[in-house]
Number of protein chains: 2
Amino acid sequence: MESSDLRSAGLKVTLPRLKILEMLESHPARHMSAEDIYRKLMDSEEDIGLATVYRVLTQFEAAGLVKRHHFEGGHAVFELERGPHHDHMVNLDTGEVVEFVSEEIEKLQKQIAEKHGFTVEDHSLVLYVRPKGGKKKP
Amino acid sequence: MESSDLRSAGLKVTLPRLKILEMLESHPARHMSAEDIYRKLMDSEEDIGLATVYRVLTQFEAAGLVKRHHFEGGHAVFELERGPHHDHMVNLDTGEVVEFVSEEIEKLQKQIAEKHGFTVEDHSLVLYVRPKGGKKKP
DNA sequence: CTCTATGCAAATATTTTGCACACAT
DNA sequence: ATGTGTGCAAAATATTTGCATAGAG
């Protein structure tokens, strides 16, 4: 049961929060917009407002349960902060999101920031990719 | 004269386009939002609508004259596509944007994408940083 | 002259907020 | 009981579009 996640984040255990966590957990692509979540909730006959979805996601983000990404397109997508850090690759043809890790890149980032007198608080790395040798319809 | 830039991009040389190019060239920080540009134009007594600023920036982006970035904050910032590729470091305390290049990171990105059967069309790397040893007011 | 570009206002899209009521503890 | 959480509608923010007119080639 995920109620513990909420409690340990200092959030009261409420139905909307549980349902939203559930949506994020059960969604295969793992990256959903507020609208995506809202619509899935409507489909499940849940009576939860879009405003609540935004409020809850913002709280989750503040609590470190969720990460907000700004891939291209005017809207944000949210992802559960389970497991270790990773970056993303977005397939431009399908919108599919692939996760990857590179210790080497992480290390280089730290080195570069330090060379400039900074420390890295956070970073965002997104590769926009296309299938190799992928031809357009000729 | 930058009219040539416009012409070679297949865009008619109009006053709004020239003025907007000028703004982007003359702004020291090099990263401006549509609103920033609009306000600077108003300050210069230019009579150019915000809608035109957006339209022109979008055309510039399509023409490869300008790059659109989604750093944090709900709005996009635009940067002239002059010079070689580079990535960005955002100072979280001041908002200052520092540019950097890392051939090594670029190479690793390509390798990683290839390992997954993709080729990199574009990428976005932003480090969110703070001054080293920077203390908050105690 | 002809067709594209622009200004303005209205329309969209996304996210946030005010307020009265509902719910967790 | 008490204070936080929620739904709804309205506001705020960011960007796009329709349309009549102005301007480039």
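All values below come from the heavy atoms of this structure, side chains included, with hydrogens, waters and symmetry mates left out. Everything numeric here is computed off the predicted structure, so don't read it as measured data.
Between B:H75 atom NE2 and C:dA13 atom C1' the separation is 17 Å, expressed in whole Å. A:L18 places its CG atom 14 Å from the C1' atom of D:dT6, with the value rounded to the nearest Å. The distance from atom NZ of B:K19 to atom P of C:dG7 is 13 Å, rounded to the nearest whole Å. Look at CG on A:L41: it is 12 Å from P on D:dT6, rounded to the nearest Å. What separates CD of B:E46 from P of D:dA22 is a distance of 19 Å, to the nearest Å. The distance between atom CE of B:M42 and atom C1' of C:dG7, rounded to the nearest whole Å, is 11 Å. Whole-Å rounding puts the B:D47 CG to C:dA5 P distance at 19 Å. Rounded to an integer number of Å, the gap from A:E35 CD to C:dT15 C1' is 11 Å.
Under a 4.0 Å N-O distance rule, the pair A:E79/A:R30 qualifies as a salt bridge. Taking 4.0 Å as the cut-off between side-chain N and carboxylate O, A:R82 and A:D5 count as a salt-bridged pair. Of the charged side-chain nitrogens involved, none lies within less than 4.0 Å of a carboxylate oxygen, so that A:E103 and A:K107 do not count as a salt-bridged pair. Ion pair A:E106/A:K110 not flagged as a salt bridge, since none of the NZ, NE, NH1 or NH2 atoms sits closer than 4.0 Å to an Asp/Glu carboxylate oxygen.
For A:R17 and A:Y38, each mapped to the nucleotide of DNA chain D holding its nearest heavy atom, the one lying further toward the 5' end belongs to A:R17.
Counting heavy-atom neighbours within 6.0 Å of B:E121 CD, excluding the residue itself, gives a total above 12.
Listed nucleotides D:dT6, C:dT6, C:dT15 differ in distance to A:T52; the shortest reach to its side chain belongs to D:dT6.
Residue contacts for B:A76: at a heavy-atom cut-off of 4.0 Å it reaches the sugar-phosphate backbone alone, with no base atom in range.
A:Y54 has a side-chain polar atom (N or O) that falls below the 4.0 Å cut-off from OP1 or OP2 of C:dT15.
The distance from atom CD1 of B:I105 to atom OG of A:S102, rounded to the nearest 0.5 Å, is 8.5 Å.
Among all heavy-atom pairs drawn from A:M42 and A:I48, the shortest one is SD-O, 4.3 Å.
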Original post:
Going 5' to 3' along nucleotides 19-25 of chain C, which nucleotides have protein heavy atoms under 4.0 Å from the base (write B), which only from the sugar-phosphate (write S), and which from neither (write -)?
Top reply: -----SS
